[in-house]
Colleague: 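Mind looking over this structure? Questions follow.
From a predicted model like this one, the values you see are computed outputs, not experimental measurements. For ligands, and for the atoms within them, numbers begin at 1 and follow the listed sequence.
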Amino acid sequence: MQRAIRSEDTRVFPRFLDLPYPNIERGDGVWLTTTDGRRFLDACSGGAMVACLGHGVLEVITAAAEQAEAISYFYNHHFTSEPQERLADRLLEVAAPEMARIRFVSGGSEANETALQLARLYHVERGETDRWRVISPAQAYHGSTMGTLALSGRRTLQEPYTPYLAEHLHIDPSTWRFDPSGETALRQLDALLDEAGPGTIAAFFCEPVSAAALPAYSPPEAFWHGLDERRKDHGFLICFDEVVTGMGRVGTWLAAHQIPIEPDIVAIGKGLGAGYAPIGGVFCTQGVYDAIDRGSREFDLGHTWDGAPVSSAVGLAVVDLLVERGLVEHVRERGPELRDELEAALEGSEIVREVRGRGFLLGVELVDPRDGESFLPVELEAASLVDDTALEHGLLVTSTHPQANGFAGDQTLLAPAYASSDEELAAMVDRFAATIEDVERTIKDLLSRPA
Ligand SMILES: Cc1ncc(COP(=O)(O)O)c(C=O)c1O
């Protein structure tokens, strides 16, 4: 049996043609097993911060199977279903009582794309047709569709698709490196509002707590207060991309619940289906809904799988389990300790500058050991080195490469399942510390070689 599948061995069009892909056969809790019997400890909920309950959860599988038996598919253009209705009710009761409505979609990009369309429609319905532009922090990822790709300010991600992307406006991230107080970001926001004309801005779009782009980072409080004031003054909407942070990942149902500002629109995704079905959603406030309710009464664009019965049944089972098992509260209580344990395990590492954490979303920022501050040279490809070395240690983590915009260096994201046991979390921390030790040795060796 092959250890890993290379592009020349398959008819699948892989993401990276030079990367051999381990062939996963089974998942059980936080363990992944390949066809050739290797086991990986999954510290990233399937790699994309999705499988928040872990793999192989019978209650969710049964809910999907029972729904498929009753009816697997119909189009929500024509019909609705009990699972879709109940999921909407349940989410608005437990996850986002401050919101009024939810539109279901099939994933994170679709959720953000829908959020963007809804923000635009809100203004058009109210007669403010000039409002289309979005201001967003540059160091972000909102999806791979053309609409959502345009929202990021990461040129490296966008190329070569830039000709298709609308020109939105960006501010720098308020990290300790660039803008610890958040004041520069507010000044940039004012300048952009001024330049573009506040009447052209439809929304401010951001991840309240960043995922892969700046793991577990959130702007300082002063920034949120300043943003709120500007919303009041200039009438744009605030859209939160909670595709990763929603559904309890940071210890509250939404990250918005930890931030001193109330968004108008919130996109969720990953944890809602927990890896058992592709489903995302877009919440909006009563005010946003009212604009359409009193206007054209149509928000028609959608996708074939929006609110499909099996996906909705899965979402419902996921919410039920999160509630029954108190997993969101568990993440809130256990998260800070987990961050401290990770930091303690990495203490002394000369390539680790910062360990950030919010609930079960953790980020480790790597730096050049020669000064403990600069980003590592891009050509070292430290992010790939970390991920590959982690796999050798039987651990799945997800790292991000530096971007040409210079806002972030190599960083690793850990996002374990909320249901991980203490022993499993300890093993993840140990394996990651061992990974970083190896990577540090390799990096120092590479840096000591003559240029
Ligand atoms: C913050 C954020 N937004 C949006 C997306 C896009 O979600 P999807 O890949 O489900 O389309 C992702 C995916 O990683 C994400 O991390």
Side-chain angles (χ1 to χ4, degrees), residues 15 44-52 103-119 134 136-154 157-158 161 165 168 170 173 203-219 239-250 254-256 259 263 265-283 302-306 308 311 314-315 318 356 358-363 383 387 396-401 403 407-408 411-415:
R15 287 195 174 209
C44 210
S45 295
M49 307 146 266
V50 170
C52 60
R103 165 72 60 91
F104 293 111
V105 293
S106 310
S109 301
E110 283 188 9
N112 282 331
E113 190 93 15
T114 303
L116 184 62
Q117 289 171 344
L118 184 54
V134 175
S136 63
Q139 185 58 25
Y141 178 70
H142 297 296
S144 61
T145 56
M146 296 307 176
T148 56
L149 199 54
L151 295 175
S152 170
R154 290 157 75 189
L157 272 185
Q158 294 171 325
Y161 310 108
L165 307 183
H168 296 301
H170 298 107
F204 183 87
F205 210 107
C206 71
E207 297 170 78
V209 176
S210 297
L214 265 175
Y217 154 82
S218 186
C239 302
F240 275 2
D241 172 353
E242 296 226 30
V243 168
V244 172
T245 55
M247 304 304 293
R249 170 60 61 195
V250 295
L254 297 180
I259 305 254
I265 296 175
V266 177
I268 59 171
K270 314 223 182 211
L272 177 57
Y276 295 88
I279 179 166
V282 183
F283 290 111
H303 315 89
T304 299
W305 283 91
D306 291 354
S311 315
V314 163
V318 171
R356 293 185 292 263
R358 285 259 187 167
F360 275 21
L361 181 63
L362 300 126
D387 288 359
L396 176 66
V397 293
T398 299
S399 302
T400 321
H401 290 277
Q403 300 283 319
F407 290 136
Q411 324 168 75
T412 301
L413 184 147
L414 288 87

Colleague: Apply the test side chain to side chain donor-acceptor pair (under 3.5 Å) to residues R356 and Q411: give CA-CA distance (whole Å), side-chain angles for both, the deciding distance (0.1 Å), then the verdict.
Modeller: CA-CA 11 Å; R356 293 185 292 263; Q411 324 168 75; 3.2 Å; yes
Colleague: Under a 4.0 Å heavy-atom limit, does T148 contact ligand 1 with its side chain, its backbone, both, or neither?
Modeller: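 Answer for T148: neither.
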Colleague: When only distance counts, is K270 in polar contact with ligand 1, meaning an N/O pair under 3.5 Å?
Modeller: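 Indeed, backbone or side chain, K270 has an N or O that close.
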Colleague: Which residue holds the protein heavy atom closest to atom 7 (O) of ligand 1, what is that atom called, and what is the gap in Å?
Modeller: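 Result for atom 7 (O) of ligand 1: G108 CA, 3.2 Å.
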Colleague: Please check if the side chain of T400 supplies one atom and the backbone of A212 the other of a donor-acceptor pair under 3.5 Å.
Modeller: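 Between the backbone of A212 and the side chain of T400 there is a qualifying donor-acceptor contact (under 3.5 Å).
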Colleague: Does N112 use its side chain to pair, donor to acceptor, with the backbone of H142 at less than 3.5 Å?
Modeller: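 Flag set: sc N112 to bb H142 pair under 3.5 Å.
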Colleague: Tell me which protein heavy atom sits closest to atom 16 (O) of ligand 1, plus the residue, atom name and distance to 0.1 Å.
Modeller: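 Here the nearest protein heavy atom works out to V244 CG2, 3.3 Å.
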Colleague: Check whether any side-chain N or O of R103 sits under 3.5 Å from a backbone N or O of T114 as a donor-acceptor pair, and report yes or no.
Modeller: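 No, because the side chain of R103 does not come within donor-acceptor range (under 3.5 Å) of the backbone of T114.
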Colleague: Looking at L149, is its backbone amide N or carbonyl O close enough to the side chain of Q158 to form a donor-acceptor pair, meaning the two atoms are under 3.5 Å apart?
Modeller: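 Indeed, once roles are kept as given, a pair shorter than 3.5 Å links the two residues.
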Colleague: Is a side-chain N or O of E110 found less than 3.5 angstrom from the main chain of S106, in a donor-acceptor match?
Modeller: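 Yes; at least one donor-acceptor contact below 3.5 Å.
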Colleague: Taking H168 for the side chain and V134 for the main chain, is one N or O donor matched with an acceptor at less than 3.5 Å?
Modeller: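 Answer holds: yes.
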Colleague: May I ask you to identify the nearest protein heavy atom to atom 9 (O) of ligand 1, giving residue, atom name and distance to one decimal place in Å?
Modeller: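 Nearest protein contact, heavy atoms only, for atom 9 (O) of ligand 1 is S109 OG, 4.3 Å.
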Colleague: Can you tell me which portion of M49 lies within the under-4.0 Å heavy-atom range of ligand 1? Options are side chain, backbone, both, or neither.
Modeller: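 M49 to ligand 1: no contact under 4.0 Å from either part.
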Colleague: Looking only at distances, can you tell me whether any N or O atom of E110, backbone or side chain, sits closer than 3.5 Å to an N or O atom of ligand 1?
Modeller: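 Between E110 and ligand 1, no N or O pair is found under 3.5 Å apart.
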Colleague: When you measure from atom 3 (N) of ligand 1 to every protein heavy atom, which one gives the shortest distance, and what is it?
Modeller: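 Checked against all protein heavy atoms, atom 3 (N) of ligand 1 sits closest to D241 OD2, 2.7 Å.
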Colleague: Using a strict cut-off of 4.0 Å, indicate which atoms of ligand 1 neighbour a heavy atom of N112.
Modeller: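 With N112 as reference, the close atoms of ligand 1 come out as 3 (N), 4 (C).
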